[in-house]
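Following: one structure in structure tokens, then a few remarks.
When a ligand or atom number is given, it counts from 1 through the structure's own listing order. These numbers were taken from a predicted model, which means no experiment stands behind them.
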Amino acid sequence: MRLDYLSIFPAYFDVLDISLVGKAAINGLVEIHAHDLRDWTHDRHRTVDDTPCGGGAGMVMKPDPWGEAFDEIIGTESDPSVHVIFPAPSGTPFTQSAAAELSSAQRIVFCCGRYEGIDHRVIDYARSMWTVHEVSLGDYVLNGGEVAALAITEAVVRLVPGFMGNPESLAEESFSAGQDGLLEYPLFTRPVSWRGLDVPEVLMSGHHGRIASWRRDESVRLTRERRPDLTDSDSSGIH
Ligand SMILES: N#Cc1c(-c2ccc3ccn(Cc4ccc(CN5CCCC5)cc4)c3c2)n[nH]c1N
């Protein structure tokens with residue numbers, strides 16, 4: 001899998017070198033390429049933004065640098081196997097199932113906007129050429145797309161076959177299909193007693209049936225408390 005990042009702050013993606021994703025890069029599982037969008041500007045100030053047509057606050061990212069960067073990084077041929085991701089506050093909420101779908105992609109290009117966003121014609125052009133995803137991390141405001149690109153990268157790459165030492169652990173995670181759409185149960189390890197707080201006795205009983213039942217009950221309790229929206233989904237197993 002090749003991952004490209006287009007941003008006016010490409011140094012954001014240096015962190016990928018120290019993370020597990022960096023290890024995957026060393027193992028040849030993924031290729032990471034970060035690009036400075038200003039490399040495709042031609043004026044002295046390396047301008048990437050301009051005032052919004054129709055008025056309004058802030059600045060909008062000009063289409064020209066994006067188009068020239070696309071030509072060089074992706075090419076000028078249409079190819080639906082190339083996935084181009086635009087993080088945006090107006091995007092579709094990014095989910096574990098979206099991460100799973102993207103984990104089989106051979107090429108992902110992250111377009112990290114800043115200011116108030118990117119001229120919409122850039123997205124329209126990309127849609128005419130490649131498979132485009134306009135996604136949002138959640139209902140809160142970030143200053144640009146880089147943090148979202150990092151989060152999506154981690155969510156996707158950890159699902160790439162060969163990345164996780166023990167792929168079985170993926171099945172027990174929150175939001176994974178194997179977890180019935182429930183939140184993960186609370187986790188404990190040694191010492192059994194810590195600052196007057198003890199590991200629940202059932203977990204020390206060695207009785208696997210009771211342990212499984214306790215864990216399920218805790219997942220149901222937590223999901224009902226924190227994510228009632230998940231309790232109505234068909235996959236949740238609780239209604
Ligand atoms: N993923 C994700 C994101 C982002 C995100 C992603 C990409 C960019 C590019 C620029 N910004 C800054 C920004 C912030 C607020 C607005 C809204 N407008 C302001 C005045 C009228 C509406 C527009 C842009 C971005 C923010 N924020 N939150 C998420 N979950």
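- Near ligand 1, heavy-atom contacts under 4.0 Å come from P87, A88, P89, G113, R114, Y115, E116, V135, S136, L137, G138, Y140, V141, L142, N143, G144, G145, A148.
- Ring planes of F70 and W66: tilted class, angle from 30 to 60°.
- Closest approach of R38 to I8, counting heavy atoms only: NH2-CD1, 3.9 Å.
- Considering all non-hydrogen atoms of both residues, A57 and E116 come closest at O-CG, 3.6 Å.
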Check your understanding: Where do L150 and L16 land on the side-chain contact (heavy atoms from CB on, under 4.5 Å) test, with the steps shown first?
Key -> CA-CA 8 Å; L150 285 169; L16 292 175; 3.7 Å; yes
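- Looking at residues two or more places apart in sequence or on another chain, you find a salt bridge (Lys or Arg N to Asp or Glu O under 4.0 Å) between R46 and D39.
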Exercise for review: Test W214 against Y185 for ring-ring contact (aromatic ring centres under 6.0 Å, His included), laying out the working first.
Suggested key: CA-CA 9 Å; W214 179 87; Y185 45 79; 7.2 Å; no
